[in-house]
Amino acid sequence: MTSFTMGKSLRRRFHRLGSLPYFYDVSARWAIWLAVPAVVCIAYTVIAGLVLVPPDYQQGDVFRILYIHVPSAWLSLFAYTTMAGAGVVALVWRLKLAEIFIVAAAPVGASFTGLALVTGAIWGEPTWGTYWVWDARLTSELILLFLYLGVIALHQSIASPRTAGRACALLSIVGVINVPIIHYSVVWWTTLHQGATLSLSGGSHMESDMLWPLLAGALGFSCLFGWLTLWGMRVQLLWRERRSRWVMRRIVNG
Amino acid sequence: MTHRLSVAGLRCGRGERALFAPLDFVADDGDIVRISGTNGAGKSTLLHTLAGLLSPISGTIDWCPDANEAVPSLGLIEHQNALSQVLSPVENLTLLSRLAHPASRIDQATIVDTLETLGLRRLAHQPTHTLSAGQKRRVTLARLWLIAPRVWLLDEPVAALDSAARRRVSQRITRLAGGGSVIVYTTHERMGLGDTRCVALD
Amino acid sequence: MTRTRRRRLLLVMCLLVGLGGACALILIAFRQDMLYFHEPSAIAAGDVPINTRFRVGGLVAAGSVERPGDGLSVQFKISDCTATVPVRYRGTLPDLFREGQGVIAYGKLMADGEFVADRILAKHDSSYMSPDTAQALKAGTSDACLPANRQYSR
Amino acid sequence: MRRVFWAVFRRELAIAGRQRGALVHQLLFFVLIVALFPLGTNTDQTVLIAVAPAVLWMGVLLSVLLSLNGVFRADHEDGTLTQYLLAGEPLAVIALAKMIVHWLASAALLVVAGPVLMLMLGVSLDAWPAMILTLALGTPTLVFVGAIAAALTLRLPRAGLLLGLLVLPLYVPVLIFGAGVVRAAIVGLPYAGAVYIMAALCVLAITLGPWAIAAALRIGLDA
């Protein structure tokens, strides 16, 4: 029984003291592997979207905003889903890194959601004739923004970082019920918002010339999300462990 | 020899700041452990951490369980009395004893009898908010008679009590320790318990 | 030990029953009509109440758009595969409004079977192509009559 | 497990019974929200009927939110919550008992009052079954989901405002489906699909909610 507790406490100590500095060091290298594809892909998407791709047969040049709108809308949902997944990991396995991930990903996800809403409004005016309608897809995307803001607000109002991380984990899990509702809102209520541009079953309704920049944009935005979140995590990690020796050592050594 | 409670290198606090220097002590069945320290030294936090309500900042707490119980059954009396103001003492104690021993039938008569030994018979069915601070404390201490956990964690048990009630509670605690319970308590008053161990927080 | 185990079993059973029940209810829900929305064929079949506001969606029938009088009023027909509904509207139309285009009209159905809209929104489909491709496609096939649900989600 | 459930259930019921004034206050709050609404419009009957489902549901949302603000407060302040945490029984069972009583004591009245207020707004009697059904299915969801956030914010200063910020986005599905069903019922459209979804949400909230509330209480008290 004593050896069992000793093993457990040793393992816990290893987790606490071992993995965080390791992650901090290794993540600096991962960040580069995310940053390079992010910059390359997004640059390609922007250039292709603005210049290379022909105008749409119906919407003309207006549709070019799609190359920003669609990837950010995808990422807004994807980021929340990963946060909920990390929430499960944080609560079940008590993994500190998962808590930190949620805290770091929330502002990034909120930014993507905001970007999707703004570009959607800009796109909506010329095509639908209105900046905003209380359409199911738009409304639920707005609610997603509020979910992100809720996680951020909860994190800011709890003083103890450990508790704040776990509280945010639970809230992300509870909020994930909205993600399928957002995803299916276009199918359930036949609304103004068009259906998915790409779907796994139905294939794409897009010309391949137009499609490739979009896919590149999605990849680029995903890498951007990973990159920004990783940096956010590193900052959170330094702040949380600011009293520990390994942080001191790294700051002293530069 | 395995001890019922062994604490090694324990540091606790709310948030990240530890309230006292690392703590090591053990307690066996029948021990009465007095936790001493100034106001804000972390006595209540330590009791909460021992009860598993707070996670320690570092260090370990090992409860040596009996063969047939996974967790040691544990009673905690905090500063707060755990009494609903709108319910009567009897109603409150019914719930508290049911929480501690779901299977046993502690009936109303037993509770009223216990309240009588503490001089509260007349108030047994009054709403708790009509009682004085000392009377409320006595109601919550009636748990010492009603339920029998292996470990009692008592935070300032005799605060606000008059000397007669204080003596009665001290006798009861000594009797419980004699029966093999572990008592961990904090106090600023003189309680006249035969402390077997003393832990000072600094 | 058996008590603990029996209790855990009971809790897991409760959870499974709850989750199973929720899944069953959602599956039943998907079999139901989930659209607060009508199609021209439903209106033609007389399933739709008169004089209440609802939305109607479909394609603007080819050759049906007329602008009588001052030019601010417009009359056209919304159609799905099987039926068409005449629509009357007064006001500005969105840029994408044109024949063959999907639209959603908000308004009321009159007793004479005409739909008086107070708001028209153009729905752009989710297929994107260059004008050349669109030209080529148009030459190949006429805008075939698709099942109603495909028209909007296309 | 059953004994502890019933012990908590009886205790909560007794407390609710002795604080009947609070029930009336909540009902009055709900009635006031709904009753003040027409005063802000030009009381055009068609307008009132068009917005009645939304107004009623917003009233329900806000009343439930207000009642949740204090659902764990008394237990936390007098230390009963600590005793619940220490009980050998699953905290979820205790949370379930507590939330059922909370629903009975607060939201059940709204289920009765909602349809009456609906009549006052001029909606025809045909929509009654839909209103009662959606309220009966929706309010438990609101109570169980809201209690998770209430537990998370238990020890925080100015928890009330934060609670609204956290909870209202989570209430959106109930609002959409609940008001949608009533709207459909008013114009005589079929609404069974949305009712099934509300029922599914309700079942999910009751089965998973207590576990989440228990976890949230442990997290919230650690703050």
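The chains referred to below are lettered A, B, ... by the order of the sequence lines, with proteins before strands, and numbering in each begins at 1.
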(request) Count the heavy atoms belonging to other residues, nucleotides or ligands that lie under 6.0 Å from CZ of A:F78, then report whether that count exceeds 12. (result) no
(request) Would you give the length of the straight line joining atom CG of A:L170 to atom CD1 of D:I219, rounded to the nearest 0.5 angstrom? (result) 5.0 Å
(request) Would you indicate whether D:L119, at its atom CG, is surrounded by more than 12 heavy atoms from other residues, nucleotides or ligands within a distance under 6.0 Å? (result) yes
(message) Quick check on A:L145 against chain D: is it the side chain, the backbone, both or neither that has a heavy atom closer than 4.5 Å?
(response) neither
(request) Give, for atom CG of D:L156 and atom OG of A:S157, the distance between the pair rounded to the nearest 0.5 Å. (result) 5.5 Å
(message) Looking only at heavy atoms and a cut-off of under 4.5 Å, which of D:L170, D:L204, D:L201 has the most pairs with chain A?
(response) D:L170
(request) Quick one: closest heavy-atom pair of A:I143 and D:P169, and the distance? (result) CG2-O, 3.6 Å
(message) At a 4.5 Å cut-off on heavy atoms, which part of D:L208 comes close to chain A: side chain, backbone, both, or neither?
(response) neither
(message) Please report the interatomic distance OG1(D:T153) to CG(A:L171), rounded to the nearest 0.5 Å.
(response) 10.5 Å
(request) Please round to the nearest 0.5 Å and tell me the distance separating atom CG of D:L168 and atom CG of A:L147. (result) 11.0 Å
(request) Just do the side-chain contact (heavy atoms from CB on, under 4.5 Å) check on D:V145 and A:I177 with the steps written out, would you? (result) CA-CA 11 Å; D:V145 171; A:I177 185 85; over 6 Å; no
(request) Pick one of side chain, backbone, both or neither for A:A153, based on which atoms fall under 4.5 Å of a heavy atom in chain D. (result) both
(request) Check the surroundings of atom CH2 in A:W227: do more than 12 heavy atoms from other residues, nucleotides or ligands lie under 6.0 Å from it? (result) no
(request) Would you indicate whether A:R242, at its atom CZ, is surrounded by more than 12 heavy atoms from other residues, nucleotides or ligands within a distance under 6.0 Å? (result) yes
